[in-house]
There are 2 protein chains.
Amino acid sequence: MMLDFEDSQLPMRIAEVERDTGLAKETLRVWERRYQFPKPERDELGERLYPFTQVEQLRVIRRLLDNGFRPSKVLGKNLGQLHEMLDSINQSHLTHEQTVRCASLLKLLRLHRGAELRQALNHVFAREGLRRFIIETIAPLNKAVGDAWVRGELTIPEEHLYTEQVQNVLRHAIQNQQGVDDRPNILLTTFPDEAHQLGILMVEALCLAEGANCLSLGTRLPIADIAKYAQEGNFDVVALSFSGAYPSQVAVRDLNQFRERLDKNIELWAGGQALYRKEKRLHGIRVVSDLDHIQSLIKSWRDVRQVDTSRSVA
Amino acid sequence: MMLDFEDSQLPMRIAEVERDTGLAKETLRVWERRYQFPKPERDELGERLYPFTQVEQLRVIRRLLDNGFRPSKVLGKNLGQLHEMLDSINQSHLTHEQTVRCASLLKLLRLHRGAELRQALNHVFAREGLRRFIIETIAPLNKAVGDAWVRGELTIPEEHLYTEQVQNVLRHAIQNQQGVDDRPNILLTTFPDEAHQLGILMVEALCLAEGANCLSLGTRLPIADIAKYAQEGNFDVVALSFSGAYPSQVAVRDLNQFRERLDKNIELWAGGQALYRKEKRLHGIRVVSDLDHIQSLIKSWRDVRQVDTSRSVA
DNA sequence: TTAAATACATGTCCAGGACAAACAAGTGGA
DNA sequence: TCCACTTGTTTGTCCTGGACATGTATTTAA
């Protein structure tokens with residue numbers, strides 16, 4: 001309501017677009033050459049200046065590529081068509097209650113009520129317990145936030161605020177869950193090109209909630225180091241997470257290669273959007289199709305090993 | 001002690017080197033052209049393959065550049081000379097007790113005792129309180145871990161383990177400190193090219209410990225968004241963090257530009273290694289030269305405003 | 001000693017070519 | 001109907017070598 005036209009809509013340089021969209025500079029240039037999009041203006045030196053509208057469009061395109069579309073199918077389309085394509089994917093099956101809760105939490109986010117958002121999350125957590133909190137609230141909310149962002153209904157600061165608050169709540173929970181210390185010993189991380197943090201944080205919390213001894217090494221760990229660390233630390237399981245941004249073909253190749261390197265006695269669990277319907281191509285790897293699945297995976301590991309180390313005193 | 005020669009020492013492609021060292025592909029190529037280093041081998045296609053030793057050397061070079069050395073001074077030297085130069089910088093003044101404590105915590109790290117490391121951190125935290133814990137333990141430890149890493153005394157998984165555990169401890173503390181809610185209202189974040197997380201986490205915890213209402217938006221926030229968000233949210237202060245990896249010249253330019261954009265009524269605080277001895281060039285900006293300084297900054301803000309909203313009930 | 005002017009150092013951008021790996025579509029067999 | 005293989009196309013990443021603005025060092029003038 002003040003004097004802020006001309007705002008953040010300034011044209012961006014190619015390096016800024018790379019940071020914003022995650023598309024490599026080289027990719028942006030080669031798309032321009034091949035598909036005539038994006039078609040940035042040029043400054044007096046002939047360097048690219050991307051108008052805000054094109055960057056916006058690139059964000060949606062990125063999202064579509066992550067969902068399996070191919071460049072040739074999306075790089076001709078206009079923004080309206082792209083949004084239609086986006087809608088065609090979003091067929092998530094939420095209960096009415098979940099939809100309502102997501103909407104009210106999103107509203108807090110849009111109003112920049114960080115403290116209240118955190119309180120609300122903690123409240124749901126306290127009422128429903130860690131497991132249901134993550135599966136029924138955080139997971140759908142993550143998706144809702146991502147969707148709202150590409151739609152332009154959320155700003156970047158709002159998205160960051162969300163991530164920070166969820167991270168605080170989850171890490172707090174993780175600290176409190178420590179000390180259960182039963183097997184399996186699970187090593188949790190991601191491959192070097194996967195930077196998504198919330199995924200492994202949710203898995204870490206869920207594993208601890210099952211009483212498993214789960215250690216996270218964060219994101220972006222070199223593959224050779226994962227195998228070595230798991231072996232030296234006597235881990236029973238290595239668990240890896242792949243967001244939708246990870247090219248699924250690459251995920252399958254890397255995982256199968258990694259299975260070869262990894263000690264046969266260590267199980268390999270992998271999950272995330274990039275592995276949707278890829279079970280058949282992954283040999284000797286447990287695919288975690290769903291966060292809900294983790295509980296049964298841990299149970300079945302214990303059954304097979306007959307290591308009933310669970311609270312024998314209770 | 002098993003059959004693992006030939007291990008992670010495999011030559012790396014240019015994209016991997018970029019990820020590992022943080023040096024842009026373009027920079028690596030232009031260095032090769034101008035300084036004949038790094039001089040990677042080539043595969044059958046003529047594509048660069050960097051031997052492990054060169055990557056190791058690049059890591060040290062990166063560290064030296066972050067400390068103000070110029071490429072022409074370091075790109076001719078061999079690994080031994082580079083390490084000498086590194087030593088010449090590391091003149092940190094730690095007490096004997098701090099040195100001993102750092103060493104023992106580092107040892108836990110090298111032994112992969114994640115749980116014990118966290119326990120030890122929590123123990124120090126409980127005994128010394130949040131403020132002393134961060135300033136006298138976490139800050140020196142961060143530096144020790146960074147130094148050990150370029151020396152090759154720590155592996156990447158060990159460094160990740162450290163970051164994860166510290167993050168858990170700090171975020172746990174942050175959750176517990178919430179609810180003080182006095183002014184100043186501080187907005188905490190970093191510029192888009194700054195990805196270092198631990199810095200702002202420490203500052204966030206310290207501000208909350210002073211009873212200030214501090215909100216973190218994480219790292220890598222677009223500059224225009226920071227100004228807008230701070231204004232709309234009625235923040236008193238915007239605080240920004242700059243690690244040693246941020247080119248200090250760029251930091252100064254960006255900060256002064258940002259000061260222009262930001263509402264005059266909002267104070268701008270900035271700190272971190274990149275701003276060492278840059279106070280003179282920063283106009284209208286409070287330079288946080290030291291974590292210890294934050295306490296007095298908050299105090300003086302309250303004095304000036306005469307907003308003594310502090311615990312009047314206690 | 002400070003300040004302006006000059007020369008040098010350095011990172012980022014550009015164009016356009018090349019190629020392997022990923023993919024789509026078609027083919028043949030169980 | 002399903003799977004395994006072949007073939008042609010799509011697509012991202014890498015290459016070279018040139019250009020230039022901006023940041024840093026050095027000299028010159030006040």
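In what follows, chains are A, B, ... by sequence order, proteins preceding strands, each numbered from 1.
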Item to complete: Identify whether the distance between the nearest side-chain nitrogen and carboxylate oxygen of A:Arg48 and A:Glu32 falls below 4.0 Å.
Response: yes
Worksheet item: Are B:Gln249 and D:dT24 close enough that a side-chain N or O sits under 4.0 Å from OP1 or OP2?
Response: yes
Worksheet item: Is the shortest heavy-atom distance from the side chain of A:Glu267 to the side chain of A:Leu297 under 4.5 Å?
Response: no
Discussion item. If you assign each of A:Gly46 and B:Leu45 to its closest nucleotide in DNA chain C, which residue comes earlier from the 5' end?
Written reply: A:Gly46
Worksheet item: Looking at A:Arg29, does any N or O in its side chain come under 4.0 Å of the phosphate oxygens OP1/OP2 on C:dA15?
Response: no
Discussion item. Nearest whole Å is fine: how far is C:dA21 P from A:Asp254 CG?
Written reply: 13 Å
Response to the item:
Taking for A:Val250 and for A:Glu16 the nucleotide of DNA chain C with the nearest heavy atom, the one nearer the 5' end belongs to A:Glu16
Fill in: Crowding at CD, A:Glu47 (>12 non-hydrogen neighbours, <6.0 Å)
yes
Discussion item. Just by distance, no angles: are the side chains of B:Thr219 and B:Glu194 close enough, under 3.5 Å, to form a donor-acceptor pair?
Written reply: no
Fill in: Rounded interatomic separation in angstrom, taking NZ from B:Lys278 and C1' from D:dG23
11 Å
Worksheet, complete the sentence: For nucleotides 6-12 of chain C, 5' to 3', base contacts (B), sugar-phosphate-only contacts (S) and non-contacts (-) with protein non-hydrogen atoms under 4.0 Å give ---SBBB
Worksheet item: If only side-chain N and O atoms of A:Arg281 are considered, is one of them under 4.0 Å from the OP1 or OP2 phosphate oxygen of D:dA4?
Response: no
Worksheet item: What integer distance in Å separates B:Asn256:CG from D:dG23:P?
Response: 12 Å
Practice prompt. First locate atom CD of B:Gln273, then atom OG of B:Ser241, and finally report the distance between them rounded to the nearest 0.5 Å.
Written response: 10.5 Å
Item to complete: State, to 0.1 Å, how close A:Leu65 and A:Phe69 come at their nearest heavy-atom pair, and which atoms those are.
Response: CD2-O, 3.3 Å
Worksheet entry | Global bending angle along the helix from C:dT1-D:dA30 to C:dA30-D:dT1, which compares the axes of five pairs at either end, to 10 degrees | 30°
Worksheet item: Residues two or more places apart in sequence or in another chain: which of them pass ring pair (Phe, Tyr, Trp, His ring centres under 6.0 Å) with B:Tyr229?
Response: A:His112
Worksheet entry | Rounded distance (Å) that lies between atom C1' of C:dA20 and atom CZ of A:Arg253 | 11 Å
Worksheet item: Mind checking whether A:Leu255 and A:Leu275 have side chains closer than 4.5 Å, heavy atoms only?
Response: yes
Worksheet, complete the sentence: Rounded to whole Å, the CG-P distance (A:Leu28 to D:dC14) equals 15 Å
Worksheet item: Between D:dC20 atom P and A:Glu44 atom CD, what is the distance in whole Å?
Response: 12 Å
Practice prompt. Nearest whole angstrom, please: distance from the P of D:dG12 to the CG of A:Leu23.
Written response: 9 Å
Worksheet item: Just how far, in rounded Å, is P of C:dC14 from CD of A:Glu41?
Response: 14 Å
Practice prompt. Kindly compute the distance separating CG (A:Leu49) from CE (A:Met12), expressed to the nearest 0.5 Å.
Written response: 11.0 Å
